[in-house]
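Residue indices begin at 1 and follow the sequence shown.
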Amino acid sequence: MLNRKTLVIAISSLAAGVAIGGALLGSGSQAETDFSTQSADKRMAQSQVEPQPSQAERDFMDFTMPDLSKPREGQEVTRYGCVKPDRPQWATDLPRSEAQKSLLLTALYDAGRYQAIIENNSCPCETEYPSWDEADAQYQQIAQGRPTAEIVELKRQAMREVKDFQFDALTVCSQSRGQ
């Protein structure tokens, strides 16, 4: 068993070890603290002086394939993958007071495309979303130089045509897509 003399030696050795270890660790941690503070200050100074790399520099080696299912900027694609052609620029830039002109152009476009779908009894992208050229030419022929009141009446007539053709055209498109 442990006698009193062994117990005193063990406790004094433990006390001496703790004192020496504390002295060494205490002085070492001060040096480490000074070092970590200096390196943190140095890193902060470098980050303020050195310019951050641009997005192009960070993405330099990016070999990720682009997502081709998304349309290019300014291009509208339907859920069936058809690319809608851009409206004529003059119709896009009209002030609000002349919005009836743009609505007439849209009604002429829709009536023409629905009629073509019914005549062809199919719904490919070229038929469903044709160029605006034909509708623009038709607009210029019937509406150029007319007052707003006459344009409103022409728009109403064109909208009636759209309503007449729309259901049948959408039915043809649904059947051709297998829906």
Minimum heavy-atom distance between Ala107 and Val162, given as atom pair plus value: O-CG2, 3.3 Å
Quick check: closest heavy atoms across Ala143 and Ile151, and the distance to 0.1 Å? O-CD1, 4.2 Å
Provide the full list of ring pair (Phe, Tyr, Trp, His ring centres under 6.0 Å) pairs with a residue in residues 145-170, sequence neighbours left out, each pair given once. none
Taking the side chain as C-beta and beyond, is there a heavy-atom pair between Tyr139 and Lys101 under 4.5 Å? yes
Checking Glu161 against Gln157 for the side-chain contact (heavy atoms from CB on, under 4.5 Å) test, could you report, in this order, the C-alpha distance in whole Å, the side-chain angles of both residues, the deciding distance, and whether it holds? CA-CA 7 Å; Glu161 272 187 52; Gln157 291 172 2; 5.9 Å; no
So, does Thr106 use its side chain to make a donor-acceptor pair with the main chain of Ser102 at under 3.5 Å? yes
Closest non-hydrogen contact found for Pro85 with Ser131 is CG-CA, 4.3 Å
Which residues satisfy the salt bridge (charged side-chain N to carboxylate O under 4.0 Å, His left out) test with Lys155, sequence neighbours excluded? none
Applying side chain to side chain donor-acceptor pair (under 3.5 Å) to Ser174 and not counting sequence neighbours gives none
Heavy-atom check, side chain of Val83 versus side chain of Tyr129, under 4.5 Å: no
Rounded to the nearest 0.5 Å, how far apart are CE of Met159 and CG of Asp164? 11.0 Å
Less than 4.5 Å apart, any side-chain heavy atom of Pro130 and any of Tyr109? yes
Assess, by modelled atom type and distance only, whether the side chains of Ser122 and Asn120 contain a donor and an acceptor separated by less than 3.5 Å. no
Which is it for Asp136 and Trp90 under the side-chain contact (heavy atoms from CB on, under 4.5 Å) test, yes or no, and what are the steps along the way? CA-CA 10 Å; Asp136 192 17; Trp90 69 264; 3.1 Å; yes
Tell me the closest heavy-atom pair linking Ala158 and Leu104, and the distance in Å. CB-CD1, 4.2 Å
Rounded to the nearest 0.5 Å, the CD atom of Gln166 sits from the CZ atom of Arg113 at a distance of 8.5 Å
Do Lys84 and Val77 have side chains that get closer than 4.5 Å, going by heavy atoms? no
Which value, rounded to the nearest 0.5 Å, describes the distance between Leu105 atom CG and Thr92 atom OG1? 9.0 Å
Reported SG-to-CG distance for the pair Cys173 and Asp168, which is rounded to 0.5 angstrom: 11.0 Å
List the residues meeting side chain to side chain donor-acceptor pair (under 3.5 Å) with Gln144, not counting sequence neighbours, and say none if there are none. none
Would you say the side-chain atoms of Trp132 and Asp86 include a donor-acceptor pair closer than 3.5 Å? no
Within-4.5 Å side-chain heavy-atom neighbours: Ile142 and Leu108: yes
Tell me if the CD atom of Glu153 is crowded by more than 12 foreign heavy atoms within 6.0 Å. yes
One should read off an interatomic distance between Arg87 CZ and Leu94 CG, to the nearest 0.5 angstrom, of 8.5 Å
Taking only residues two or more places apart in sequence or in another chain, which ones pass side chain to side chain donor-acceptor pair (under 3.5 Å) with Arg177? Glu128
Quick one: side chain to side chain donor-acceptor pair (under 3.5 Å) partners of Glu150, sequence neighbours excluded? Arg146
If you measure from CD1 on Ile118 to CG on Leu170, what distance do you get to the nearest 0.5 Å? 9.0 Å
